[in-house]
Amino acid sequence: MSTTPSQLDAEALYQTLVQQIKAGLQGATEVALVGIHSGGAWLAERLATELGLAERLGFVDVSFYRDDFSEKGLRADVKPSQIPFDVEGATILLVDDVLYTGRTTRAAINELFDYGRPARVLLAALVDRGGRELPIAADFVAASVELSKQENLQLQRADDGRFSLTVVHA
């Protein structure tokens, strides 16, 4: 579904994403969730509860795996990656909030393979904003939106766990 930035109801998009994932994972075995810090991690936490996969939930921070690490440097809020299950042979649902260039996804896949060789990696994103620089596409995506290069989408999580999306101008 193509959406304008003003129509981005993060909670409604999340429900759309949940339904897609539930339908798409039917029959899949050894499913595990891996959220990309930070927005993808928030989504993965909530998905794990809804899908009954709390024991198969992990997180990655791709800061050290990015191909632009030398240009951007290290953020102050780097989190340790945590994958407390066996990746080998698993169906991994990689979760991110916004899919843009594909570089974060590529970095996350590289990091996943340091933990083992999954049978399959699927990608879920709340929003696809286009602008791909790498041949990466989400298997599950709630909405597509077009933004200028000077705009970014930022996912926030309230104290009660509800999500909201904001367009931030650089």
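Because the structure is predicted, anything quoted here is derived from the model rather than measured.
- Residues Ala119 and Gly89 approach most closely at CB-O, 3.3 Å, considering heavy atoms.
- Side-chain atoms of Leu126 and Leu153, non-hydrogen and from C-beta on, never get closer than 4.5 Å to each other.
- Val18 and Glu50 make their closest contact through CG1-OE1, 3.5 Å (heavy atoms, listed as atom of the first residue, atom of the second, distance).
- A distance of 5.0 Å separates CD1 in Ile36 from OG1 in Thr105, rounded to the nearest 0.5 Å.
- Within the model, atoms CG of Asp114 and CD1 of Ile109 stand 12.5 Å from one another, a figure rounded to the nearest 0.5 Å.
- When all heavy atoms of Val121 and Asp139 are compared, the closest pair comes out as O-OD2, 4.3 Å.
- Using a 4.5 Å heavy-atom threshold, the side chains of Tyr65 and Val60 count as separate.
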Apply side chain to side chain contact (heavy atoms under 4.5 Å, CB included) to Phe163 and Leu43, showing your working. CA-CA 9 Å; Phe163 298 125; Leu43 291 165; 3.6 Å; yes
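- The minimum heavy-atom distance between Ala137 and Leu123, with the atom names listed, is O-CD2, 4.0 Å.
- A distance of 8.5 Å separates OH of Tyr115 from CD of Gln82, quoted to the nearest 0.5 Å.
- Residues Lys22 and Leu51 form a side-chain contact, since some pair of their non-hydrogen atoms from C-beta on lies under 4.5 Å apart.
- At a threshold of 4.5 Å between non-hydrogen side-chain atoms, the residues Ile136 and Arg103 do not count as touching.
- Between Glu55 and Phe85, every side-chain heavy-atom pair lies at or beyond the 4.5 Å cut-off.
- Taking each heavy atom of Pro84 and Gly58 in turn, the nearest pair found is CD-CA, 4.0 Å.
- Gln154 and Thr166 form no side-chain donor-acceptor contact under 3.5 Å, judged by distance and modelled atom types alone.
- Counting non-hydrogen atoms of neighbouring residues, nucleotides and ligands closer than 6.0 angstrom, the CG atom of Asp159 reaches no more than 12 such neighbours.
- The OG atom of Ser164 lies 11.5 Å from the CG atom of Leu13; values are rounded to the nearest 0.5 Å.
- A donor-acceptor pair under 3.5 Å is formed between the side chain of Glu88 and the backbone N or O of Arg117.
- Applying the side chain to side chain contact (heavy atoms under 4.5 Å, CB included) test between Leu122 and each of Leu25, Ile21, Leu94 identifies Leu25 as the sole match.
- In the hydrophobic clustering of ILVMFWY residues, with side-chain heavy atoms under 4.5 Å counting as a link, Tyr14 and Val167 come out together.
- Distance check: Asn152 CG to Tyr100 OH gives 7.0 Å after rounding to the nearest 0.5 Å.
- No side-chain heavy atom of Val98 sits under 4.5 Å from any side-chain heavy atom of Leu155.
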Going through the checks in order, is the side chain to side chain contact (heavy atoms under 4.5 Å, CB included) test met by Glu111 and Phe64? CA-CA 9 Å; Glu111 185 169 356; Phe64 293 113; over 6 Å; no
What do the steps show when you test Val34 against Val87 for side chain to side chain contact (heavy atoms under 4.5 Å, CB included), and what is the final call? CA-CA 10 Å; Val34 175; Val87 168; over 6 Å; no
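- Of all heavy-atom pairs spanning Leu93 and Ala124, the tightest one is CD1-CB, 3.9 Å.
- With sequence neighbours left out, the side chain to side chain donor-acceptor pair (under 3.5 Å) criterion links Glu11 to Arg46.
- Looking at heavy atoms from C-beta onward, Leu134 lies out of side-chain contact with Thr101 at the 4.5 angstrom threshold.
- In this structure, the side chain of Arg56 engages the main chain of Glu30 through a donor-acceptor pair within 3.5 Å.
- Counting heavy atoms from C-beta outward, Pro118 and Phe113 have side chains that approach closer than 4.5 Å.
- Asp61 CG to Thr104 OG1: the interatomic distance, rounded to the nearest 0.5 Å, is 10.0 Å.
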Go through the steps to decide whether Val145 and Arg129 satisfy the test side chain to side chain contact (heavy atoms under 4.5 Å, CB included), and finish with yes or no. CA-CA 5 Å; Val145 65; Arg129 63 164 289 172; 4.2 Å; yes
